[in-house]
Amino acid sequence: MKIIYLDNCATTRVDDEVVDAMLPFLREDFGNPSSPHLLGKRARRAVDAATESVARLIGADPEDLVFTSGATESNNLALLGMFGHEERAPVNAAICPTDHKSSLSIGRALAGRGLAVRAMRVGRDGRIDLAHLAGLLDPFSRVATACWVNSEIGTIQPVRRMAALCHDAGALLHVDGAQAAGRIPIDVREAGVDTMAMSGHKLRGPKGVGALYVRPEIRRRLRPVLFGGGQYALRSGTIPTHLVVGMGKACELAAAGMADAWRRVRELRATALDLLMTGFPGVRVNGAPDGGPDGDLNGGPDGGPDGRVPHVLNVVLPGVRGESLVSSLRSVALSTGSACNSGSQEPSHVLTAIGLDAEDANSSVRICLDSRMPAEDLVLGLELVLERARALAGVVMTASGPRG
């Protein structure tokens, strides 16, 4: 049975070219890239080439990257590494309440150690209130952190302006770039980012590999949290050649196809919205309203697009419990929010943070689009979603449209 996949924020299908690039390093060129012999040297050359591809995608130098198991580990490595075990309040961190659960959990861990953890304010569109952030920062602030692109509503944060505020206060800015890398233009040096997390499987690469960018000027301010053979100054452990090669190839392909993918996803989003608005009564878009900013790929004040990315579409379907809808679909894969929240019965922390009540948050679903999806698959998938949603809500279709 064919599954129509509408959950591309949770993970993506690995590109065929990525698989082809990885296979030699699982078979004949399987050497350890830290070994001095011929197989080791081949693996090292492949790792170095892949590192350059990842660095180019985000405007970094190859030596500024540390490969990790994914964005969650990268977030931990950066944020925990910025504090000493003995430090306590008034030393503090500022965390965005719509962040990924890994960053929020790190915030709770820091608070449990006695550090002050402060919550930023966000608007209905999910954008951080910069004036409020400026008021949170003081001489004891060590770091502020936010997702560059939110995985549930697609909001793009004003990273360049956040970095300026942090640096004016003597603090650092850490960014979770898992949903941004490969989808929007990123230049970490121009934006002033101090550290940034990435994950391979969010951009058609393999699971189990990610990267942490560290601005070279602040590298000595981070403490390692993993010790061993010293493969990287901040993280020890054997480098998984095939995974690093796969992530490098995925970054290369993402950079080459970014502009075309952006245009294509905007077209798919327009199709999806038309189907949703005409197929179910009272549909509302969560986050930045449609018709609002998701325009030119390079047209925003921070050097990329402004407002939100088009590939994330989060909507309220009044009277339909999102979990019931998602679990009852047999040939369509979508979600109610981040995959990291899937075991929770609580409303999405992102949706409640932007002001939705529990009823609307629980009636919301997230559709994550992929530029390579055939339009006919999207149409069929959403027709199946709407058919099931109408059945759950007791909505009847009439000649003039849906009626509750």
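FYI, side chains are in, hydrogens and waters are out, and symmetry mates aren't considered; it's all heavy atoms of this structure. Each residue takes its place number in the sequence, starting with 1.
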Is there a donor-acceptor pair under 3.5 Å between the side chain of [X] and the backbone N or O of [Y]?
| X | Y | value |
| --- | --- | --- |
| His132 | Met120 | no |
| Arg223 | Phe83 | yes |
| Arg220 | Glu217 | no |
| Asp7 | Ala333 | no |
| His100 | Ser151 | no |
| Thr271 | Glu267 | yes |
| Ser324 | Val320 | no |
| Ser348 | Val350 | yes |
| Arg189 | Ile58 | no |
| Arg127 | Ile156 | yes |

key: Evaluation steps, side-chain contact (heavy atoms from CB on, under 4.5 Å), between Asn314 and Val365   = CA-CA 6 Å; Asn314 195 306; Val365 294; over 6 Å; no
So, do [X] and [Y] sit near enough that their side-chain heavy atoms are less than 4.5 Å apart?
| X | Y | value |
| --- | --- | --- |
| Leu356 | Ser364 | yes |
| Leu172 | Cys166 | no |
| Met198 | Leu57 | yes |
| Glu87 | Arg113 | no |
| Tyr213 | Val66 | no |
| Val309 | Trp262 | yes |
| Arg121 | Pro97 | no |
| Asp99 | Thr145 | yes |

inquiry  = For Glu63, is the CD atom crowded, meaning more than 12 foreign heavy atoms sit under 6.0 Å from it?
reply    =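 Atom CD in Glu63 is crowded, with more than 12 foreign heavy atoms closer than 6.0 Å.
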query = Got more than 12 heavy atoms from elsewhere within 6.0 Å of NE2, His37?
reply =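 Yes, enclosed.
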request  = For Asp194, check side-chain hydrogen bond (donor to acceptor under 3.5 Å, both in side chains) against everything at least two apart and list the hits.
outcome  =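 Per chain and number, Asp194 pairs via side-chain hydrogen bond (donor to acceptor under 3.5 Å, both in side chains) with His167, Arg215.
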ask   = Which is it for Phe280 and Val385 under the side-chain contact (heavy atoms from CB on, under 4.5 Å) test, yes or no, and what are the steps along the way?
value = CA-CA 10 Å; Phe280 197 91; Val385 170; over 6 Å; no
Residue pair [X] / [Y]: nearest heavy atoms and the distance that separates them:
| X | Y | value |
| --- | --- | --- |
| Leu276 | Ile367 | CD1-CD1, 4.0 Å |
| Val143 | Ala171 | N-CB, 4.2 Å |
| Ile184 | Met258 | C-SD, 3.4 Å |
| Gly208 | Leu243 | O-CD1, 3.7 Å |
| Ala60 | Val188 | CB-CG2, 4.0 Å |
| Pro347 | Asn362 | CA-OD1, 3.6 Å |

Between [Y] and [X], does any NZ, NE, NH1 or NH2 come within less than 4.0 Å of an OD or OE carboxylate oxygen?
| X | Y | value |
| --- | --- | --- |
| Arg219 | Asp64 | yes |
| Arg204 | Glu17 | no |
| Arg56 | Glu252 | no |
| Arg44 | Asp48 | yes |
| Arg235 | Glu73 | yes |

message = Restricting to salt bridge (Lys or Arg N to Asp or Glu O under 4.0 Å), what partner residues turn up for Asp16, sequence neighbours left out?
response =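 Residues passing salt bridge (Lys or Arg N to Asp or Glu O under 4.0 Å) with Asp16: Arg13.
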Going by atom types only, do [X] and [Y] share a side-chain donor-acceptor pair under 3.5 Å?
| X | Y | answer |
| --- | --- | --- |
| Glu323 | Thr336 | yes |
| Ser328 | Arg388 | yes |
| Arg366 | Ser335 | yes |
| His311 | Arg183 | yes |

key: Arg308/Asp125 under salt bridge (Lys or Arg N to Asp or Glu O under 4.0 Å): CA gap, chis, key distance, verdict   = CA-CA 9 Å; Arg308 54 154 165 70; Asp125 60 358; over 6 Å; no
If you measure from [atom1] on [X] to [atom2] on [Y], what distance do you get to the nearest 0.5 Å?
| X | Y | atom1 | atom2 | value |
| --- | --- | --- | --- | --- |
| Phe67 | Ile239 | CZ | CD1 | 8.5 Å |
| Leu380 | Ser331 | CG | OG | 7.0 Å |
| Thr12 | Tyr5 | OG1 | OH | 7.5 Å |
| Leu382 | Leu6 | CG | CG | 6.0 Å |
| Leu80 | His85 | CG | NE2 | 8.5 Å |
| Leu130 | Met162 | CG | CE | 7.5 Å |

query = Do Arg372 and Asp260 pass the salt bridge (Lys or Arg N to Asp or Glu O under 4.0 Å) test, and can you show the C-alpha distance, the side-chain angles, and the key distance before you say yes or no?
reply = CA-CA 10 Å; Arg372 302 185 193 181; Asp260 287 340; over 6 Å; no
request  = Dump the intermediate steps for side-chain contact (heavy atoms from CB on, under 4.5 Å) on Leu334 and Leu329, then the final yes or no.
outcome  = CA-CA 9 Å; Leu334 74 163; Leu329 293 167; 3.1 Å; yes
task = Determine, step by step, whether Phe25 and Arg42 satisfy the side-chain contact (heavy atoms from CB on, under 4.5 Å) criterion, reporting the C-alpha distance in whole Å, the side-chain angles of both residues, the deciding distance to 0.1 Å, and the verdict.
result = CA-CA 9 Å; Phe25 300 96; Arg42 287 179 182 172; 5.5 Å; no
